[in-house]
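Here's the structure, in structure tokens; my notes come after.
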Amino acid sequence: MEWEFTLLLIGNGVLIGLMYSLIALGFVVVYKATDAINFAQGEFVMLAALFSAAVMVLMELPFWVAVIVAVLGMVSFSFGLERVVLRPLLGRPVVAVIMATIGLAAILRGLGPMIFGAETRSISLPVGDEPLRLGPFILQPVQITGALVALAFLGGFTWFFLRSRMGVAMRAVADNQQVAMAMGINVERYFALAWAMAGIVSALGGVVWGAMLGVDVHVSLVGLKVFPVVILGGLDSIVGAVVGGLIVGIVENLAAGYLDPLVGGGSKDFAPYVLMIIALMVRPYGIFGKRKIERV
Amino acid sequence: MAGTAARASDKRMPGDSQLVVEGVSKKFGGVVAVSDVSLEVPRGGILSIIGPNGAGKTSLLNMISGFYTPDTGRVALEGTDITRRKPSDIAALGIARTFQNIALFSGLTVLDNLMLGRHVRMKAGVFASALYWGPARREEIAHREACEEIIEFLKLQDLRKQQTAALAYGLRKRVELGRALALEPKILLLDEPMGGMNTDEKEDMARYILDVNQERGVTVVLIEHDMGVVMDISDRVVVLDRGRRIAGGTPEEVQRDPAVIAAYLGGGSRG
């Protein structure tokens with residue numbers, strides 16, 4: 001029975017891990033295209049969850065309206081954020097943008113409950129709640145949905161960056177902003193696009209994550225998972241976000257299944273960080289990250 | 001370089017001034033990079049900018065292509081003031097450039113690099129290219145053909161799908177030239193296109209530059225250190241030293257100019 005328990009933990013870890021990948025993708029796209037480190041990624045997800053809860057619980061509108069509102073709301077929000085706050089910071093030291101996003105995170109955590117109320121609201125996906133039993137696996141429909149959404153997006157983003165003209169241009173912007181400008185590429189437009197993509201990812205992540213945990217300010221804590229994911233995978237790699245997400249999801253679940261009973265709980269939350277610190281020492285640019293070689 | 005010399009001698013006379021730089025200056029902190037430099041680039045000609053290291057050649061190029069905004073003076077393309085335009089706008093107006101240190105998008109293939117050069121010529125937007133499959137597809141094919149033509153011109157056929165990071169130095173320089181050509185520029189700014197090349201590679205590059213100029217009718221502004229090449233292929237030469245223009249004229253005039261001889265041979269105060 002022991003191996004079945006392990007498989008169960010791993011299976012659920014994979015599903016949750018894909019959700020982490022999806023949310024980390026928002027972070028990676030922004031970092032790749034604009035070099036900005038977004039410490040408010042978790043709050044983006046929270047905001048999207050609040051939007052969808054407002055639509056479904058307060059206005060009692062159907063699920064698909066909530067998804068549309070969350071996506072449109074997050075895209076407008078991230079466009080506006082890029083235009084009003086981040087663009088003026090272009091060319092300033094990286095730390096300026098980091099501080100701005102940390103500030104933004106605090107503001108969102110405060111404003112969210114202020115506007116939408118502090119109570120936990122439950123939203124549900126139209127997928128039922130009967131768990132799916134497959135051999136040793138017991139999978140929750142919400143988690144399966146989340147994993148499928150994540151896979152679809154990861155595939156879509158991969159196609160976008162490898163094949164589409166805008167995706168290739170965005171990689172060019174990420175590679176060398178100056179040269180991209182000399183090619184006539186409007187760099188600022190691609191910055192805005194990258195933030196909008198982070199908005200879309202957060203919107204879908206927020207709806208699913210909110211459905212899993214219930215919607216309140218704690219949804220933003222998922223942002224804390226983003227850092228081990230992107231450090232393990234590589235800050236600028238989409239494949240890395242997937243692999244990093246899977247590692248974090250699995251490690252977290254194994255820690256919850258095997259370590260928590262021994263130590264009385266809590267190891268689930270820090271195990272990914274232990275891994276992250278080891279990764280930083282061994283491979284600071286991540287498993288798939290680009291190793292930066294700089295002329296001194 | 002017998003061949004290139006022969007070609008240079010029968011070049012047509014350069015026409016009017018296509019690009020005019022008037023009294024531009026640029027300071028960085030207290031350091032004067034460029035001081036009150038003027039020059040006129042004849043339509044259809046090759047103008048070379050020469051000068052010792054630190055003379056302000058690249059800074060001048062950066063002001064033309066919009067990367068630096070001049071503190072004083074103006075830059076005009078075909079009569080239109082472009083002094084304060086963004087680099088991406090200037091590229092769209094038809095001024096393409098290459099960089100001193102090779103600046104290819106290293107994770108991308110040769111073809112992708114060239115296709116990015118066509119970015120400003122692409123009309124169909126994202127949604128069009130996603131929805132209106134037909135027209136957007138035709139446009140894509142037209143751009144692809146334009147790139148293939150450049151690939152053939154620069155003899156890069158075998159390297160289309162190679163990542164540029166894996167290419168030899170001289171080839172990367174050639175791809176960078178190709179990417180700039182993909183913009184279909186009116187004016188091509190080349191920042192040391194032969195820097196670090198051996199003699200054979202230099203000769204190839206000089207040949208390509210002449211072909212670009214004569215067959216494609218592209219005006220060329222060239223920064224180059226190799227005096228032999230410069231004197232061979234240029235219609236006009238402008239000499240900078242410590243941020244100032246010290247001479248200008250035909251290659252023959254410049255070679256005889258005492259100020260130039262002094263700057264290259266006599267000036268010991270330069271770092």
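Atom set for the values below is all heavy atoms of this structure, side chains included, hydrogens, waters and symmetry mates excluded. Everything numeric in this text was worked out from a predicted model, so none of it was measured. Convention: sequence-line order gives letters A, B, ...; per-chain numbering from 1.
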Heavy-atom closest pair, residues B/Asn213 and B/Gly45: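 Closest approach of B/Asn213 to B/Gly45, heavy atoms only: ND2-O, 3.4 Å.
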Residues B/Val212, B/Leu188; criterion side-chain contact (heavy atoms from CB on, under 4.5 Å); working and verdict: CA-CA 9 Å; B/Val212 165; B/Leu188 186 57; 4.0 Å; yes
For residues 66-74 of chain B, please give each side-chain donor-acceptor pair under 3.5 Å, one per line with the distance, not counting sequence neighbours.
unit_1, atom_1, unit_2, atom_2, d
B/Tyr68, OH, B/Asn62, ND2, 3.4
B/Asp71, OD2, B/Lys27, N, 2.7
B/Thr72, OG1, B/Gly23, O, 3.3
B/Thr72, OG1, B/Ser25, OG, 3.1
B/Arg74, NE, B/Asp81, OD2, 3.3

Could you tell me the separation between the CD1 atom of A/Ile37 and the CZ atom of A/Phe27, rounded to the nearest 0.5 Å?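 The distance works out to 5.5 Å.
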Which one of B/Glu40, B/Glu78, B/Arg43 satisfies the side chain to side chain donor-acceptor pair (under 3.5 Å) criterion with B/Ser17?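 Passing option: B/Glu40.
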Contacts of residues 74-88 of chain A with chain B (heavy atom under 4.5 Å):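 Under the 4.5 Å heavy-atom cut-off, nothing qualifies.
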Among B/Gly107, B/Ser65, B/Pro185, B/Ser106, who wins on heavy-atom pairs under 4.5 Å with chain A?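 Top count of heavy-atom pairs under 4.5 Å with chain A: B/Ser106.
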Whether A/Lys32 side chain and A/Asp236 backbone form a donor-acceptor pair below 3.5 Å: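 It does hold such a pair.
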When you look at B/Thr109 and B/Gln163, which way does the side-chain hydrogen bond (donor to acceptor under 3.5 Å, both in side chains) test go after all the steps? CA-CA 4 Å; B/Thr109 63; B/Gln163 295 222 334; over 6 Å; no
Report which part of B/Leu189 has an atom under 4.5 Å of a heavy atom belonging to chain A: side chain, backbone, both, or neither.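 Neither part.
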Select one option (side chain, backbone, both, neither) describing which atoms of B/Thr98 are under 4.5 Å from chain A's heavy atoms.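 Neither part; nothing is under 4.5 Å.
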Determine, step by step, whether B/His225 and B/Lys57 satisfy the side-chain contact (heavy atoms from CB on, under 4.5 Å) criterion, reporting the C-alpha distance in whole Å, the side-chain angles of both residues, the deciding distance to 0.1 Å, and the verdict. CA-CA 11 Å; B/His225 277 299; B/Lys57 304 183 293 288; 3.6 Å; yes
Only heavy atoms, only distances under 4.5 angstrom. Which residues in residues 175-184 of chain B are near chain A?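 Answer by number: B/Arg179, B/Leu183.
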Kindly confirm or rule out a cation-pi arrangement of A/Arg163 over A/Phe160, judged by NZ or CZ under 6.0 Å from the six-membered ring centre and within 45° of its axis?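 Ring-cation test returns no.
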Which atom pairs, donor and acceptor, lie under 3.5 Å between side-chain atoms of residues 184-204 of chain A and protein residues at least two apart or in another chain?
unit_1, atom_1, unit_2, atom_2, d
A/Asn186, OD1, A/Glu188, N, 3.3
A/Asn186, OD1, A/Arg189, N, 3.4
A/Ser202, OG, A/Gln41, NE2, 2.9
A/Ser202, OG, A/Ala198, O, 2.6

So A/Phe153 and A/Phe157, would you call those rings parallel, tilted or perpendicular, with 30° and 60° as cut-offs?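 Correct class here is tilted.
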